[in-house]
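A short write-up of the structure that comes next.
If you're wondering where the values come from, they're calculated on a predicted model, not measured in any experiment. Protein chains get the first letters and strands the later ones, always in sequence-line order, with residue 1 at the start of each.
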Number of protein chains: 2
Amino acid sequence: MSLFPGRIRRKPEAPRSSLRLEAGHKLYHAGSEGLAWRLSQGVVRLDTVLQGETSFASLAIAGDILGCETLLFGAYTFSASALTQCELTPWPEGEGAASGESLLESLALAQRRAADVVALRGGQAADRVLGLIRLLGDEAGRVVLPTRQDIADITNLRFETISRIIKSLERSRILAPIRIDGVHATRSFSVNLASLAG
Amino acid sequence: MSLFPGRIRRKPEAPRSSLRLEAGHKLYHAGSEGLAWRLSQGVVRLDTVLQGETSFASLAIAGDILGCETLLFGAYTFSASALTQCELTPWPEGEGAASGESLLESLALAQRRAADVVALRGGQAADRVLGLIRLLGDEAGRVVLPTRQDIADITNLRFETISRIIKSLERSRILAPIRIDGVHATRSFSVNLASLAG
DNA sequence: CGAGCACTTGATCTATGTCAACGGTAGTGG
DNA sequence: CCACTACCGTTGACATAGATCAAGTGCTCG
């Protein structure tokens, strides 16, 4: 019934001009120019760059807006890199989409996300890691975690500590590694949701 | 030259309907209804309330917007209380003031502030306290700090640790307590800006 | 005058950091 | 194919920054 059947987007999940980014890859560097993005899938890490030193600044997960400051200043404030496989769409998406209500929602979301990230840097080490797992897991109880080092940067712990904690979560059956082709994955887990109640 | 000289606001610094809040006082509680605010002076602490437990979530300083989620959901997500004497104005302030550009600015500011707060929870204890002092101090090198306990909540340290750090900053002349009527103030300091270079 | 709060300081403990060694996997180049 | 390097992750032994516990000061308020 479409007037232009041939022009309908090919894949409903991946609208025209969306971007896919592999884990570990950079989306943009602080100071450079580019678009603003909405993150539709995955996890992105934002870093401040100060005197050449790069340090963890914030986390973006599905729904969050990235690099909106570029629309104001023409340059990114932070560097962004994918912690898991990501999908992004240029933002603002529609013509009138970026005004009023929608921007306000984004502002409220940004403030909520900020609180989430702050919470990941306080309390017992194991609880921080669990907090991150809760934040990144889906409803079905699956998580793809970032590397131990990235988790360490986010939670302000050391990667050795993260390694010990994750191993102990495995031993206590809170996390179960997912095997792919019989290969022991170190970052994909199914989560025992009951023991994760927050 | 004004057409309506009698209607010009009385005090340029305190526009009509602005609110003053003393240190330690609550601005609003999570879950309740109210206005959104722009913080024009002072420091406000935001807390998440989870199962009766209240824990530090974020910090707002001059320029930041507070409680904007109330415009969307009709209820505050966090609780807000003044850490120092504050001045607030209802937001959005003007008729067209809350659209487009201005909202985008607020979003970018919120993301920057989030990174600031995250940075206050990583690194050496003394550096976190210095980071907070840098964030709260004015250009003239004056700071009014929150209580030791509030600083501790912000930096994820203990108040005894904060007490020791501040005392040691005093001893090394980085902070100088300001005496009021000869009374030794414990929260007002002048800062040796040179040793604070960040 | 007593109660409550904010702050200081000392003594001791411990969660986490640090250092070190090692294993697995992927990529690269001969 | 192997050798080599570069990551990433695991685990053990030990060190320490900061937490915890405890006691005491001074101020304010009723």
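Using a 3.5 Å distance cut-off with no hydrogens or angles, the side chains of A:S55 and A:T48 do pair a donor with an acceptor.
Note on B:R187: only backbone sugar-phosphate atoms sit closer than 4.0 angstrom, heavy atoms only; bases stay farther off. Nucleic acid contact for A:E160: base, since at least one base atom lies under 4.0 Å from a heavy atom of the residue. Among the protein residues, B:L157 comes within range of the sugar-phosphate backbone only, with heavy atoms under 4.0 Å from sugar or phosphate atoms but none that close to a base. Among the protein residues, A:D150 comes within range of no part of the nucleic acid, since none of its heavy atoms lies under 4.0 Å from any strand. Among the atoms of the strands shown, base atoms are found under 4.0 Å from some heavy atom of A:S163.
One can place CG of A:D153 at 14 Å from C1' of D:dC8, the figure rounded to the nearest angstrom. What separates CD1 of B:I165 from P of D:dA17 is a distance of 12 Å, to the nearest Å.
A:S172 is not listed as a side-chain neighbour of A:N192, based on a closest heavy-atom distance of 4.5 Å or more.
With hydrogens and angles ignored, a donor-acceptor pair closer than 3.5 Å exists between the side chain of A:R164 and the base of D:dG12.
Under 4.0 angstrom from either OP1 or OP2 of D:dG18 there lies no side-chain N or O belonging to B:T161. For B:T186 and C:dA6, the shortest distance from a side-chain N or O to OP1 or OP2 is not below 4.0 Å.
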